[in-house]
Amino acid sequence: MPPRQTPNVTDAELRVLEALWDLGPSTIRKLTDHLYPGGGQSSYATVQKLLDRLEDADCVVRDRSAMTHVFVAAVTRDELIGGQLRAVAERLCGGSVAPLLTHLLKTESLSDDDRKELRRLLSAHRPPHG
């Protein structure tokens, strides 16, 4: 079964998802207070609209069992990152992730911990010999 297609999300939608990942299940009020401290009714309406769009894109689920609805992220941070990177690889690199990784390694400064983690991951993903 192919990986689930992750939709593109706007920066504002991503902020809502990040809040859900950090806070866990949340009401619109809780998210609004987190994202727009001191914000008024327009901030509440903005968060509500963003949640509606994320729900339509299957990125969040809404629990309607109580009078106050609770929202939960339906996509993990890793799933979203993976889906976005796969889309970039398809669009720019003919589906191969090697050019993406090569570019990042050549242009970005990596900490010792980052290099160790990359070595560990590469060792863990070696194809079987034989």
Side-chain angles (χ1 to χ4, degrees):
M1 187 167 136
R4 178 171 88 147
Q5 184 91 12
T6 55
N8 287 326
V9 295
T10 66
D11 289 346
E13 292 166 345
L14 181 57
R15 286 186 63 222
V16 171
L17 278 174
E18 288 171 336
L20 284 170
W21 292 328
D22 292 343
L23 300 172
S26 301
T27 63
I28 297 173
R29 172 58 52 210
K30 182 176 179 179
L31 290 167
T32 301
D33 291 346
H34 178 78
L35 294 167
Y36 302 100
Q41 191 59 32
S42 64
S43 297
Y44 184 93
T46 297
V47 172
Q48 186 172 27
K49 184 64 176 168
L50 292 168
L51 284 165
D52 288 343
R53 292 192 331 217
L54 287 166
E55 185 179 24
D56 289 344
D58 296 325
C59 290
V60 301
V61 292
R62 180 190 315 231
D63 179 355
R64 292 178 162 85
S65 63
M67 191 157 122
T68 304
H69 295 179
V70 175
F71 294 83
V72 178
V75 63
T76 67
R77 190 183 309 263
D78 281 349
E79 287 171 332
L80 187 64
I81 290 169
Q84 295 302 304
L85 288 177
R86 278 190 299 281
V88 168
E90 286 295 325
R91 196 172 83 241
L92 299 178
C93 307
S96 174
V97 296
L100 292 176
L101 295 173
T102 302
H103 176 77
L104 288 173
L105 289 171
K106 287 180 179 178
T107 61
E108 300 298 319
S109 176
L110 296 175
S111 70
D112 286 341
D113 288 342
D114 289 340
R115 284 194 298 281
K116 285 177 191 172
E117 179 64 9
L118 284 171
R119 283 188 197 102
R120 186 191 69 73
L121 289 169
L122 287 171
S123 292
H125 288 87
R126 284 190 181 145
H129 295 292

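Just so it is clear, the structure is predicted and the values come from calculations on it, not from any experiment.
Counting heavy atoms from C-beta on, the side chains of Asp63 and Pro25 never come closer than 4.5 Å. Counting only heavy atoms from C-beta outward, the side chains of Leu80 and Leu14 approach each other to under 4.5 Å. At least one side-chain heavy atom of Ile28 sits less than 4.5 Å from a side-chain heavy atom of Tyr44. Between Arg29 and Thr68, the closest side-chain pair of non-hydrogen atoms is not below 4.5 Å.
Taking every heavy atom of both residues into account, Leu17 and Ala73 meet most closely at CD2-CB, 4.3 Å. Here the shortest heavy-atom pairing between Ala19 and His34 reads CB-CD2, 3.6 Å. Considering every non-hydrogen atom in both Leu118 and Leu110, the closest pair reads CD1-CD1, 3.8 Å. Heavy atoms only, all atoms of each residue included: Pro99 and Cys93 are closest at CB-SG, 3.7 Å. Nearest heavy atom pair, residue Val75 against residue Glu79, reads CA-OE1, 3.3 Å. Considering all non-hydrogen atoms of both residues, Val97 and Ala89 come closest at CG1-CB, 4.1 Å.
A salt bridge is defined here as a Lys NZ or Arg NE, NH1 or NH2 lying under 4.0 Å from an Asp or Glu carboxylate O, and Arg115 with Glu108 fails to meet this definition. Salt bridge annotation for Arg77-Asp22: present, with a cationic side-chain nitrogen under 4.0 angstrom from a carboxylate oxygen.
To the nearest 0.5 Å, atoms NZ (Lys49) and CG (Leu54) are separated by 11.5 Å. Interatomic distance, CD of Glu90 versus CZ of Arg86, reported as 9.5 Å (0.5 Å rounding). Here the CD atom belonging to Glu117 is positioned 10.0 Å from the OG atom belonging to Ser111, to the nearest 0.5 angstrom. Note: Thr46 OG1 to Leu35 CG = 10.5 Å, rounded to the nearest 0.5 Å.
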Note to self: Apply side-chain contact (heavy atoms from CB on, under 4.5 Å) to residues Val60 and Val72 and explain how you reach the verdict.
What the structure shows: CA-CA 5 Å; Val60 301; Val72 178; over 6 Å; no
Item checked: Stepwise side-chain contact (heavy atoms from CB on, under 4.5 Å) test for Leu50 and Arg53 -> CA-CA 5 Å; Leu50 292 168; Arg53 292 192 331 217; 3.4 Å; yes
Item checked: Intermediate values then yes/no, side-chain contact (heavy atoms from CB on, under 4.5 Å), Leu31 and Leu51 -> CA-CA 10 Å; Leu31 290 167; Leu51 284 165; 3.8 Å; yes
Note to self: The test is salt bridge (Lys or Arg N to Asp or Glu O under 4.0 Å); show your working for Glu55 and Arg64 and say whether it passes.
What the structure shows: CA-CA 13 Å; Glu55 185 179 24; Arg64 292 178 162 85; 3.4 Å; yes
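Between the side chain of Trp21 and the main chain of Val16, no donor-acceptor pair closer than 3.5 Å is present. For Ser26 (side chain) and Gly24 (main-chain N/O), a donor-acceptor pair under 3.5 Å exists by modelled atom type. The backbone N or O of Leu121 sits less than 3.5 Å from a side-chain atom of His125, completing a donor-acceptor pair. Between the side chain of Glu13 and the backbone N or O of Thr10, at least one donor-acceptor pair lies under 3.5 Å. In terms of modelled atom types and a separation under 3.5 Å, the side chain of Arg62 and the main chain of Val70 share no donor-acceptor contact.
The hydrophobic cluster containing Val47 also contains Leu23, counting ILVMFWY residues as joined when their side-chain heavy atoms lie under 4.5 angstrom apart, directly or transitively.
Cation-pi check for Arg15 over Tyr36 is met; the charged atom lies under 6.0 angstrom from the ring centroid and within 45 degrees of its normal.
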